Structures are given as C-alpha cells and as structure tokens.
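What follows is a short report on a single structure.
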There are 2 protein chains.
Amino acid sequence: MEISISEIKNKLVEKGLKITPQRIAILEAIYTLNNHPTAEMIMAYIKESHPSIASGTIYKVLDTLVENQLIKRVKTENDVKRFDGLLENHHHLYCSESDVIKDYKNEELDRLLTEYFKKNRIDNFEIEDIKLQINGRTLKRGRKK
Amino acid sequence: MEISISEIKNKLVEKGLKITPQRIAILEAIYTLNNHPTAEMIMAYIKESHPSIASGTIYKVLDTLVENQLIKRVKTENDVKRFDGLLENHHHLYCSESDVIKDYKNEELDRLLTEYFKKNRIDNFEIEDIKLQINGRTLKRGRKK
DNA sequence: GTATGTGCAAACTTTTTGCACTTCG
DNA sequence: CGAAGTGCAAAAAGTTTGCACATAC
C-alpha cells in the first residue's frame, strides 16, 4: 500500500485533524505493515524511526483515527486490537493457524450480496456494511497470484 | 435456546469430558444468555445459582469447551472474548450502537455463497467456513419477527 | 485410587487515564 | 497565544498461571 507523506497529511487535514509527527508515523506504519497490525506491531515499527513515542499516544491516536474514519478496527477472536488502513469495501481471509488476515475484494461477490439483501430485508435492522469472514488455512506451497 | 440439563450432560459425555457442576452451569449460561455473552456476563449469571465459582475456572472451562467444539468464539472488534453456543452455520448481525450480536440464518444465502466460492477458488487458501459480519443498527420500533 | 477439574491468589498483558508539558496552527 | 496533542507513569480491565485441594468416574 504505497502512500506518500503528503497524502497522509492531506487525509488528516480533510478530517480537520492537526498534523503531528506521531499521527503521520502511525498512519504510515499502518499502510506499510499492511497485515492488519496490532497496536504493538505499530509501536515496534515506529520505535525505529521515532524512539520516543509513548504507547499511550499510540492508543490515543489510533482511537482518533478510527473515530475520524481514517482507519478501521478489524474484528478478530483474539483479544487484541487490530487495525485496517484499507477503507474500500472488502472482505477478510482469516488463517486460523497463523493469525494472518488478508484482504479479499471482488465486485461480483459484492453485487451478489447487495442483490440478496435488497430482496431479503432484515426486520428491525439497518445494514451499514457487510463483510465476509472467510475462515480457513493459507496453503504452504503454490504460487502467489 | 431451550436445553435441558440432561442434554448438556450428553454433550459433555460425547466429547469425553467429565461432568462437573461448573461445566454444566457455564454451558447452561451460554444457552440461556443467548446474546453471545462475555466471560463476565457468564460469571455474573452463574454467581446467582453458584456463588463460589472462580473466574479462573470460568476461563479454563470456556477454553475446554471451545477446544472440544461445544461452543465457539465470536469475532468482535472489542477486546473481550465472547462465546456462541449455536454450532450450525450461521451469520451475525452486529449492532454498532449497542454491542448486541444477533444470529442470522438463511439457506438461500448459504447456497449463493457456496456456489460463488465453488466457481471462484482463492489461491493458496483452503476455506473452512464463511460467515457474514452484517454491521449496522437495530431499529428501535417495529415488531420483532 | 487416580486422573482430571476447581479455587485461589498472584502475575501478566493490553489498554486506559490524568495531568503537566509541548506543539500546531 | 490558545486549543489540541503528547509523554509518562500509575491504574484498570481482562485473562492466564501454578499449585494445593477436591471431585468424577
């Protein structure tokens, strides 16, 4: 997920957030570590370029970014927070063995789901978005697409 | 989710687990509190009938039950564990406002998904199961189906 | 009787909080 | 300059662990 510092700054400005080195570093970390990182992974990554950042700050910034919809929280069955910098609608492949989460995007699938739920409204529920949790195992060999 | 003590005992026996009052109470709590309870909710519920149960025991029993596939862990974006006593394939409605998780079952939808993934294999990934996270808001009024 | 499960309390991990200080605009 | 953000360290929340005792079979 390639992104430049100035694009990151733009994103912050668009949301009316102040630009700080910590926020830039955290967003950059999430885009670089595109493996749906935990707060801890973000911290470890940033500490190299930015050794004085406090873990409290990381959590506060992450909260701010989620509130302002610059990133999203990922649902997991582990009790640690993980974050996603990809905002477009997409689904997740969960590997039960390795805790790896990968993205899966497909328009046909999304069309299928949209049509289905157009026909089959759910009583007393207003859908905001629908994501697939595709649970399984990543295979060791074979060529990556 | 109606279930009798003897059915609960059967489930434990089938998995080769010893029958203990704590395990029975915890399974019963999960079936009764069918709102995908946290360990804490289970504890609170059980404490009434069973005031001496230890929280460590609750966690240990929950682990055992998950390992033996008598219950499942639910994916959430909160950092607390939640559990599900419904084992058949089903989907979840997540209400972002209230933290309520409801079940959603539909065969047509499952058929649609199965067909889609039969046609569209994912490289280097072996699917075990697919669940929808249907995110949105429960509406206040209207009749419950 | 023996393997297994439970209670308890201490420890651990992850996240949150409050407040003085700093920085952005 | 003032509002907003950060660092720090302490505390909270949630979960795990080890071990002595109790229980199921």
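These values consider heavy atoms only, across backbone and side chains, with no hydrogens, waters or symmetry-generated copies. Below, chains carry the letters A, B, ... as their sequence lines are ordered, and counting in each starts from 1. Keep in mind that what you see is a predicted model, and the values were worked out from it rather than measured.
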Looking at every strand, decide which applies to A:Thr64 at a 4.0 Å heavy-atom threshold: base, sugar-phosphate, or nothing.
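A:Thr64: no heavy atom of the nucleic acid under 4.0 Å.
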
So what does B:Ser52 hit on the nucleic acid, given a heavy-atom distance under 4.0 Å: a base, only sugar-phosphate, or nothing?
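Since only primed, P, OP1 and OP2 atoms lie under 4.0 Å of B:Ser52, the category is sugar-phosphate.
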
Nucleotide by nucleotide, nucleotides 16-25 of chain D touches protein heavy atoms under 4.0 Å in the pattern (B base, S sugar-phosphate only, - none) BBBB----BS

Measure [atom1]/[X] against [atom2]/[N] and give the value in whole Å, please.
| X | N | atom1 | atom2 | answer |
| --- | --- | --- | --- | --- |
| A:Leu65 | D:dA4 | CG | P | 17 Å |
| B:Asn78 | D:dG14 | CG | P | 9 Å |
| A:Met41 | C:dT14 | CE | C1' | 15 Å |
| A:Glu67 | C:dT16 | CD | C1' | 14 Å |
| A:Arg82 | C:dT13 | CZ | C1' | 16 Å |
| B:Leu27 | C:dG5 | CG | C1' | 15 Å |
| A:Glu77 | D:dT15 | CD | P | 14 Å |
| A:Ile58 | C:dT13 | CD1 | C1' | 16 Å |

Between [X] and [Y]: side-chain donor-acceptor atoms closer than 3.5 Å:
| X | Y | value |
| --- | --- | --- |
| B:Asn106 | B:His90 | no |
| B:Asn135 | A:Lys75 | yes |
| B:Ser4 | B:Glu7 | yes |

Using modelled atom types and a 3.5 Å cut-off, is there a donor and acceptor pairing between side-chain atoms of A:Arg23 and backbone atoms of A:Lys18?
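Here the side-chain-to-backbone pair exists.
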
Using heavy-atom distances to pick each residue's nearest nucleotide on DNA chain D, tell me which of A:Ile53 and B:Ala39 is more 5'.
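The residue mapped nearer the 5' terminus is A:Ile53.
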
Does C:dT23 have OP1 or OP2 sitting under 4.0 Å from an N or O in the side chain of A:Gln22?
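Indeed not, no polar side-chain atom of A:Gln22 lies that close.
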
Nearest atoms (heavy-atom pairs only) where A:Asn89 meets A:Ile130
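In this case the closest contact between A:Asn89 and A:Ile130 is OD1-O, 3.9 Å.
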
Would you find more than 12 non-hydrogen atoms of other residues, nucleotides or ligands less than 6.0 Å from B:Glu40 atom CD?
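No, the 6.0 Å shell around CD holds no more than 12 heavy atoms from other groups.
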
Criterion side-chain hydrogen bond (donor to acceptor under 3.5 Å, both in side chains) against B:Asp84, the qualifying member of B:Arg73, B:His92, B:Lys72:
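For B:Asp84, the side-chain hydrogen bond (donor to acceptor under 3.5 Å, both in side chains) check succeeds only for B:His92.
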
